[in-house]
Every structure is written in structure tokens, then in C-alpha cells.
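Note: hydrogens, waters and symmetry copies are ignored here, and every other heavy atom, side chains too, is used. Everything numeric in this text was worked out from a predicted model, so none of it was measured. A note on names: the letters A, B, ... follow the listed sequences, proteins ahead of strands, and every chain is numbered from 1.
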Amino acid sequence: MSSEPILNLETLIEKVHSGFAKKFQEQISLHDIRSTLSTVHLADPPARSASHLSIVRLEISGSKTLANEEHPLPIDYAQDFGPGVNVLLIEDNDVGKSSILKTIKFALTGDDGDYDADVKTWITNIRLWFSLNDEQFLIAITCSPESENGLGVLYEGPKGIELEDDPTKSKVVFRAPDRNELQESLRRFFFDKIGLSRLAWAVPGAKDQDAPSEAGTTWLTYFQALQIPDGSDKYLLCDKEHSFGNQEGLIFSTFLGLHLVEQLNWLGVEASKQSKLEKSTENERKTLQSRLADLEKQETDVKDRLDKMKRDLAVRRKEFVDEGFQNRITAVQEMIRDRLTQEESCQREIADAADSLSFLRSRETQIKELIALKLHFTGLNVSLCPNCDSEVSTEELEREQNEHLCRLCNKPANDATPDEIAVRRSEAEQITEQISLEEGNRKQLRQQAEALRNEVVQLRKDVEVLEASVKAKLTQALPTEEEDKLRDKLLREAGQLSSQILSTTHRLKEFQEVGAFDESKRRILKKARDILQTEASRRNKELLESLSRLTQEVAQQIGAESITDVTCSELGTVKLTKHGEVVRFTGIKNQGERMRLKLAFFLAMMRLGCKVGYGRHPGFLLVDQPGSAEMVPEDFQALATVLHSLDEADEEHIQILCFTARPEFTDATRQERVYGSQSGKFAF
Amino acid sequence: MNGSQRYIGGSIPERFVEVDAARLLLILHHFSAPCEEQLKLGKFFPERDVERHFTPEYKLPKLDFLVRYPGYFAYELIELHRLNIASANNPDDVQREVHSILNDREPELRTQPFRRFWYGAHERLNEVEAWWHARGLVYARIERRSDGKPQKHYFLTNEAQLVADKLIQAVEHAKWYDNRIRLIQQFYDGLSASDIRNLQYSHPTYRDAQLARTIPDLPIREVIAHYQQVFGKPLKLIEEATDVV
């Protein structure tokens, strides 16, 4: 450890500020920096030894169905494990070795995703005894066939006791009713016991406009440092699926016990979030600008269409008005009224003529009747005086005849009957002529009235034709139902677009207002992280030198002498030096060499954890099928020898469970820690 | 037209005594009865030879109204049938006569306006009575009744009956009167003078006519409507007759 004083927060704040260019020093105040970095703690945690994890015993029960067996066979597997290197050796493949490994992983993490589907249905109960330093635990898992969720219980108690049968000597650490709860409970338990923290990385929002969020490392993530799966020689710690967000670096940083890991992680995550936020903000701003342009174009299109509809309609209306239908109809209706008036006048004249004719005919009848009666009564003599009732004498008759004096009153008699009749006849003849004239006149009037009626009928037809034309033209002039619907639709669209444009413009304005501060925060975080990296590098120097030394020692032991140096950055990035050249792990072409180097790195990490204040690896490792197809028997033998030497050297501090079909690994440990099958050729 | 005034129905107020004397003589000729012995004992009975007798006086204008207003007559024929008067029970008879009256345009040609006085259609008959008297045809006599109300009686001589018969034979117009009076007699035979009067009064046009003014003729369309209402079928006229409808 360097003698330089440890960086504190105030110094960090000042360094951040003084590290900015003058321009940014004016923009970003010390207060801004203090606000942003207020949660950063720069003191190192107390030095401690890593807890040593060791599996003591595993029991598996259930029943299995094999292809060549008629009935299910019971599973009743029980295996004790010792410290140091343990080898489960069955010289055949597909006999259940990996399932034992997966069961241990399931019991320690709650994750059963690695099981083969058939094996998963076979296992009903798992009991795994393990120790962490001097503490003894039993994890018991019941996999009910009726339920997908298992029930897990973690007991704490002395090793070798049937914990469930003696509750007075054990205590329940947790009960997990379902799988999720089991995983979370195990995470909390191991994080606490091993001293891990939930380091995080930033992930983008689900959508462009969503703010980036954090993803935290789980126990399952860290567990990758406790196993070397079959065929994992292509990567150092995490395959591609699990390497997202620098998880490999986080795992190394944690298990190696690098200084300021959490602070650097926090600053990195925050900076990454800001960067992603900035990126997403910029993306969103661009999206909004693009959207605004698109909306404005759409609005222009809609308005153009509405204007065109309006213009077209105006043209049609003008055409309709120019036709002058109303004037034409009014003129014809005026003509109709005129003809009807004429006809009415005509009808009145006809009625008058009828009256005249009636009068004349009646008069004619009366005159003719009078003439006839006068003539008839000519011979009827007056013989009595109607006044005195005296009879007319012969003398009075003679006097009337001779002297033309009335036989009754003796006054001059008017013998005018023939003349009167002639007058009446003349009158009758005149009336007859007049009747003839009136009838002719009436006939003319009737013809005239009929002509007028016909004209009115024709004019009304003209009006009907005109009105039909008006209706047709009006239909053309007025908007159709479809046009009305389209116009309503366009108006709604225009309204919606206008609203969207307003909203989008408002949001763009907001972006412009808040953008400056976000930029400042990002700069503060980045600058602080740079400073802390330097500080971490200073504090980690001794530790990383030990790691490099240990790795090289193991590498040389297992035949990876070409690797001359192993370094690790403050952020957990491992770099290798091969023949003086810095190479990445994946850059090493030889598969056997990669396997050896990987094993060396893991072992170095485990060894480092044994020292106080150096790392947190629990000294436990599951190795599935060590070696590779390219390795020759001599290589396997060499690997077994390395494991054996590890067992002898660090038996009390490490436990390696090695699952293999290679007989060479018989020499990897003591004879009593080499286990075989328990059910014929099968592991269980 | 001699300055004569025109009236509804084409009639004129000018009266000709020969025409009235002839028409009324024919009414008396048909509606008079032989003089009974009891009548001959009355002081008002003429000292001259008379054969037939007609009273009361007011019945004469009621019958004359039916002759002079063919439109009303047609309407009343339908009404008599509607009222189930025995003489008009046969619808065919009534319908035939109504068709005939209207198709012959009688309302237009034969209507002679009548004045309305206190008791309906009434005209003074002094000239006509004098004309009859001078020629020894009809004598009008007043009976002084015990109730103080005088009653006029018309007495027809044998000469009157001879003149009437000759008139019907010789003059075409008289034949029409004779036929119409016979028709009235046929349909109104059982009705009293007051019955006839009441029938005429039942018509608003008649009842509401102003005093001393001529009674308006009945519009033909009213006759047609009444025919339709009573007989349930339209009254179809020949084309010439529709002019006045």
C-alpha cells in the first residue's frame, strides 16, 4: 500500500473541479459536484478473510424412469465430501455426473435451469450439508411433482446432526415457499456470509424515451466464479450470454477484493446512465424533431386537401349560381300565376255567361209562354165586372165594338193584342239571337280557359323540369355524403395533428431547457471516475501483484509457462502477457492452453482469498469435465498432478469438486476422495 | 232587356197576369174539390153556378212555389223519400223524376221567383182573381168565421174546368204545368197545407230568405249532394245539364 494519504471526498470534489477546463469550471460549480458525489464513500472497508465454502454431504431422493426399465427406479443418492480436491469419477458419459454438479448448484443458488428435462422430474428431495468457515448449514429442498415451485429451508446447526429431526439443535435461517423466494433468500445469505455487494450496470430503457435503469449482480452471477462448466474453455469467466454489462469485470473485482470497486461501479453506472440518457435523449430529441417535421408535413397535406375541397366546392357552387335557376323558376312561376289569373278571369266570364244564358233562356221561355197564353185566351170574353159582379150587357158589347169603349169601365179600349204579341215575339227573337251569341262567346271563353289550363300544365311541367335540374345541380353543388365524411375526417385529423404538433413542440422545448444540467452531471461523474480509477490503481497495486504472481505460479505448475504476466485493471479487466505480448484470453488459440490458464486463474483467485484483506473468493470450485478433446492423456495426467499438489498445499482452505470420466484424475487427490457410481453404471 | 233587373235563377220580377191566371187555374183545377151541400149553406157561397171549391187560400202559394221552383221540388222529392212519406217510398220513381227535372234544366228555364212575406212564399192575387172573375171562371169569396179570422174560398165554375182542359190540350207550356201539378199531387197528396209549408221551411235557404225579397233558388249542387247522401250513389247528369251545376 502506498504511503500517499487516502483520497477523501472533499479532495475528490476539488480534484474533479480543478480537472475541468476553464470553460467548464465556470459552468460547473463545486456545489454541483458535491451534490452529484454526495453518496460516494472513499474509505476502505475493514480487512477480513474470505469465508470458506465447503460441501459436506449431498443426498438426492426421487425415482427415475429409464428407457429399458419397465418400472420407475428409486433414487437414493448419498455422498459425503471432504476438504481439498474431490473427484467423482465414472468412466462413461451420460451417466449423471453433471446432474450431481447441477444439483449442488441448484441447492446453493436456487437455479435449476441447467437440469436436463427428464432428470428434473426425477428428483423430489435434495439435502445438502455445507459449511462456511466454522458454521454448519443444511439446505433442504422439496420438489413437489404437483407444483413447479419447490420449497426450500435453510437450517443452521452442527455438522452430522439430522437437523430436521432435532429442532432444538438447529435453527431455521429462512423458509422459501417458492423458487423466486428461494433464489432471493440464498442471495441474501451468501452475499452476507461472503461479503459481496450488489454491483450494478446500467441498461437502456425499454423504449428510446424511457430512462436507463440498473441491473444488479445476483448470487447466480457471482456463482460463475465458483464453477468451470464443461466446454467453457472459450471464455475466462462469463460466456457471451452472461458477459453483458461487464459482469465478468464485476465478478473479478469483487472476488479479488479490489479497492473502491463499489464506488467505481456506482460512478460507472451513473455515468453510463447519463450517457445512455443523453444518447436516448438525443435520440428522442431527433425522433421528436423528425416526428414534428412529419406531423407538420401531414398537417400541411391535410390542410391542402381541405383547401382543395373548399375550392372545388366553391367552383361547383358558382356554377350552380351562374345557371340562374332561381330566376328562371321565378319567371315561369310568374307566368303560371299570370295564366291562372287569366283563367280565373275567364272562368268568371264563363260563369257570367252561364248566368246570362240562364237568364235569357228563362226569359225566352216566359215570353214564349206569355205569347202562347195571350193568343189562347184571345177568344175568352170578359162577361162580368170583377168589381161589381154585374154581367156585361149586349149594349156594352156593341158599344165596345162600335165606339171602342171598354165594356166594363166605358173608357177607350186598347185593342192592341196583336201588336203586343208582335212586340213580344220580336223580343223573343232578340233573346234567341242573344242566346246564340252568348253561347258562342261562352264557347270561346271555354276554349280560351282550356288553352290557359293547358299552358299552366305545361308551365308546371317546366317548373318540375327546372326543379329537377336544380335538385340535380344542387346535389352537384353541395358536398356529397362521402365528401362530408372526408371533410369531417380531415378536420379531425387536422385537429389531432395540431394538438400533436403543440405537444411535440412543447416537449422539444423541455429538452432544450434541461439538457445543460445533464451534460454537467455526466462530466462530473466521468471526471470523478477517472480520478477514482487512479486512486484504486494505487491502492490495488500490491494485491494485483500478488494475483499475478500466484497465477503465474499455478500456470507454470500446469504447463502454461508461455503466460509471463497476468494483470487486472481496477474495473476487473484481466490482461495476459504471452511471450511479452499483451493478449486477451480469447486470443489464445490453443484450447488446452486456454483450459490450463483458466484453471490457473481460478486457483490463483481461490488462493488469494485465503489471505486476509486479499479477495473474497470462498475457495470452492466445481469443475465439470476438466480438460478438452484436444488434450492428450499426458495433459490430463499433468492436470491431475496440479490438482493433487493443490490438495496437498491448500487442503484446509479450498474445496474442488471435479466431475470427470478420465481415469487420470484418480491421481488428483487422495484415494478416499475419489467417488464412483452408486446405481450400476449411473451416478445415482 | 227593357231595363229589367236580373235575379238569381235567371228570373225577373215582371209578372204576366195571363201566365199566373193560367198556372194557378190549373193548380185549382187539380186540387179543388166538388162543392159540398153544407158549403152551399154559407153566406159566402156565390149566387152563381159553381162546381168546385178550394181552400184555404195559403195552400195555393205553397203549391205554386213547388211549380215555380223546380230545384226545390227535386230536393223535396228526395227529402220525402228520406222521411219515408208513403207517396215517395219508391226510390226509382223519385230518382227518375229528379233526373228528369235536372236533365231538362228546369231550374234554369222554369224557375219563376217568388217573394217572401210573413208566411213564406206569397203574392197578392188581386189581378189574377179579377181576371178569373171577369171571365166567369173562378170566384173568390171571404168567409166571416166565428173566430173572427176570415178565410178565402175559391169557387170554380164549370166554364173554368172547360177552359183548363182546353188550355192543357192547346198550349204546350200548359201541358208542362199540368204534368208538374199532377206530379206534385202524386207525391204530396196525403200532406196538409201545413205539412207542405213545414217541409219548405225546413230548408235554410227558404226559411232565411228576407221579407219582401225573392226567395233564392237552390244551388243544383245541393240537390246532387242530397241525392248522394240519401241514395248512396252519385247523381249523373247529361252533359248539357251540367252547365248550371
Side-chain angles (χ1 to χ4, degrees), chain A residues 347 350-392 396-397 400 406-409 417 420-421 423-424 426-428 430-431 433-435 438-439 442-443 445-446, chain B residues 1-2 4-12 14-23 25 46-48 105-113 126-140 157 159 162-163 166-177 217 242-245:
Chain A
Q347 291 296 351
I350 289 168
D352 288 347
D355 283 349
S356 290
L357 277 169
S358 292
F359 164 73
L360 291 170
R361 284 170 181 156
S362 175
R363 180 67 178 168
E364 183 187 33
T365 304
Q366 286 177 335
I367 298 294
K368 285 179 178 175
E369 183 182 358
L370 176 64
I371 293 167
L373 289 170
K374 272 188 177 291
L375 285 172
H376 181 77
F377 288 134
T378 301
L380 194 61
N381 285 330
V382 173
S383 57
L384 286 174
C385 175
N387 188 34
C388 63
D389 197 29
S390 306
E391 291 187 5
V392 176
E396 288 170 327
L397 283 173
E400 182 183 272
C406 175
R407 68 181 75 175
L408 295 180
C409 64
T417 300
E420 188 185 349
I421 288 172
V423 168
R424 293 296 180 187
S426 171
E427 185 185 349
Q430 285 179 10
I431 291 171
E433 284 178 15
Q434 208 170 342
I435 286 172
E438 283 289 340
E439 283 178 341
R442 191 173 71 165
K443 189 179 177 184
L445 285 168
R446 282 178 166 167
Chain B
M1 196 62 69
N2 297 334
S4 57
Q5 187 182 354
R6 293 177 59 178
Y7 285 87
I8 293 172
S11 299
I12 52 174
E14 183 185 8
R15 307 297 316 155
F16 300 111
V17 67
E18 290 89 347
V19 175
D20 289 342
R23 186 182 67 251
L25 179 64
E47 293 173 352
R48 299 181 184 280
R105 306 172 71 171
E106 287 184 12
E108 181 189 7
L109 301 175
R110 299 286 183 183
T111 299
Q112 298 176 42
N126 293 359
E127 276 192 60
V128 174
E129 288 172 1
W131 194 91
W132 283 336
H133 192 106
R135 288 158 182 79
L137 301 177
V138 178
Y139 302 119
T157 64
E159 181 66 15
L162 292 173
V163 167
K166 280 184 183 174
L167 185 63
I168 292 164
Q169 288 172 9
V171 180
E172 195 63 27
H173 295 275
K175 279 182 188 171
W176 183 88
Y177 284 127
D217 196 7
T242 57
D243 274 1
V244 291
V245 174

| query | Just wondering, are more than 12 heavy atoms of other shown residues or ligands nearer than 6.0 Å to CD in Glu127(B)? | reply | no
| task | Might you confirm whether atom CG of Asn126(B) has over 12 heavy atoms from other residues, nucleotides or ligands at distances under 6.0 Å? | result | yes
| Who are the salt bridge (charged side-chain N to carboxylate O under 4.0 Å, His left out) partners of Glu438(A), not counting sequence neighbours? | none
| field | Note, Leu380(A) side chain near Trp131(B) side chain (heavy atom, < 4.5 Å) | value | yes
| said: If I measure from the heavy atoms of chain A, does Trp132(B) come under 4.5 Å with its side chain, its backbone, both, or neither? | reply: neither
| task | Name the member of Glu18(B), Glu172(B), His133(B), Glu129(B) that forms the most heavy-atom pairs with chain A at distances under 4.5 Å. | result | His133(B)
| Spatial distance of atom OG1 (Thr365(A)) from atom CZ (Arg105(B)) [nearest 0.5 Å] | 10.5 Å
| said: Less than 4.5 Å to any heavy atom of chain B: does that hold for the side chain of Asp389(A), its backbone, both, or neither? | reply: both
| query | Between Glu369(A) and Arg110(B), is the closest basic N to carboxylate O distance under 4.0 Å? | reply | no
| With a 4.5 angstrom heavy-atom cut-off, which part of Leu167(B) approaches chain A: side chain, backbone, both or neither? | both
| query | Taking Ala351(A), Ala372(A), Ser383(A) one by one, which has the highest count of heavy-atom pairs under 4.5 Å against chain B? | reply | Ser383(A)
| note | Taken in chain and number order and not counting sequence neighbours, the residues that satisfy ring pair (Phe, Tyr, Trp, His ring centres under 6.0 Å) with His376(A) are none
| query | What's the spacing between Leu109(B) CG and Gln366(A) CD if we round to 0.5 Å? | reply | 10.5 Å
| Heavy-atom contact with chain A under 4.5 Å, split by part of Val171(B) | side chain
| note | All heavy atoms of Pro386(A) vs all of Ala134(B), minimum pair found to be CD-CB, 4.0 Å
| Do Leu373(A) and Phe16(B) have side-chain heavy atoms sitting under 4.5 Å apart? | no
